[in-house]
Amino acid sequence: NSVLLNRYRGGGDYMGWHSDDEPELGAAPVIASLSLGAARRFLLRRRDDPARKAEYLLGHGDLLVMAGQTQQFYQHALPKMARVQDERINLTFRWITPR
């Protein structure tokens, strides 16, 4: 029932480590993230062991779905990529539960 739009003007724009664990998203939210534009690295790490990381290259039209207990046990980030000059738009779809 909601969508968040993030605009990354180039490789210098980034998002630091975080979880989408706001109470209004519920205990096990389903979050669908659609990438449009420049390809960017997407990092995932365990909260209890930050050295355990995974990396994905999300390109134009890629859809990433995080569900279940992903937000409880993992953090994610979009790091800087100095050589990326093109823009990226990210649409993040979530269900927000009214209070």
Side-chain angles (χ1 to χ4, degrees):
N1 67 357
S2 69
V3 63
L4 172 68
L5 183 144
N6 286 305
R7 177 182 176 219
Y8 300 89
R9 298 163 295 177
D13 288 349
Y14 70 99
M15 182 68 67
W17 290 107
H18 70 283
S19 294
D20 298 327
D21 55 359
E22 294 82 4
E24 59 271 16
L25 297 177
V30 176
I31 299 172
S33 177
L34 177 64
S35 296
L36 303 170
R40 294 289 299 266
R41 294 169 51 220
F42 179 86
L43 307 177
L44 192 66
R45 74 178 180 188
R46 287 203 45 107
R47 285 178 172 231
D48 63 350
D49 185 2
R52 291 179 59 189
K53 296 178 187 171
E55 179 176 324
Y56 306 92
L57 184 64
L58 299 180
H60 179 74
D62 285 345
L63 179 67
L64 174 79
V65 178
M66 296 180 283
Q69 295 179 319
T70 303
Q71 303 307 317
Q72 182 180 351
F73 293 113
Y74 292 88
Q75 292 181 315
H76 53 278
L78 189 85
K80 291 182 180 183
M81 292 180 68
R83 294 185 178 166
V84 173
Q85 301 298 313
D86 295 330
E87 186 171 84
R88 174 184 186 257
I89 299 291
N90 177 251
L91 300 174
T92 305
F93 300 88
R94 312 145 186 251
W95 184 267
I96 296 177
T97 304
R99 293 180 189 212

In one Ile/Leu/Val/Met/Phe/Trp/Tyr side-chain cluster, 4.5 Å: Val65, Leu91: yes

Rounded distance [0.5 Å steps], CG in Leu78 versus NE2 in His18: 9.5 Å

Close side-chain approach of Thr97 to Glu24, heavy-atom, < 4.5 Å: no

Heavy-atom check, side chain of Gln72 versus side chain of Asp21, under 4.5 Å: no

Interatomic spacing from CE in Met66 to OH in Tyr74 - rounded to 0.5 Å: 12.5 Å

4.5 Å side-chain heavy-atom contact, Met15 and Tyr8: yes

Shared hydrophobic cluster for Ile31 and Trp95 (ILVMFWY, side-chain gaps under 4.5 Å): no

Residue pair Gln75 / Arg45, side-chain donor-acceptor N/O under 3.5 Å: yes

Smallest separation among heavy atoms of Leu57 and Arg41, with atom names: CD1-N, 4.0 Å

Side-chain heavy-atom pair Phe73, Asp48 within 4.5 angstrom cut-off: no

Sidechain-backbone polar pair: Asp62 side chain, Gly59 backbone, donor-acceptor under 3.5 Å: yes

Sidechain N-carboxylate O distance under 4.0 Å for Glu87, Arg9: no

Side-chain donor-acceptor pair present, Ser33, Asn90, cut-off under 3.5 Å: yes

Side-chain H-bond candidate by donor/acceptor type, Ser35 with Arg88, under 3.5 Å: yes

Pro29 and Arg94, any side-chain heavy atoms less than 4.5 Å apart: no

Reported CD1-to-CG distance for the pair Ile89 and Asn6, which is rounded to 0.5 angstrom: 8.5 Å

Same cluster (ILVMFWY, side-chain, under 4.5 Å), Leu63 and Leu5: yes

Donor-acceptor contact below 3.5 Å, side chain Asp86 vs main chain Ala38: no

Cluster link Val3 to Leu64, ILVMFWY, side chain under 4.5 Å: no

Test item: Leu43 and Lys53 side chains (from C-beta on) under 4.5 Å apart, heavy atoms: no

Side chains of Arg40 and Leu58 in contact at under 4.5 Å (non-hydrogen atoms): no

Geometric class of the Tyr56/Phe42 ring pair [parallel <30°, tilted 30-60°, perpendicular >60°]: tilted

Between NE2 on residue His60 and CG on residue Leu36, distance to nearest 0.5 Å: 5.5 Å

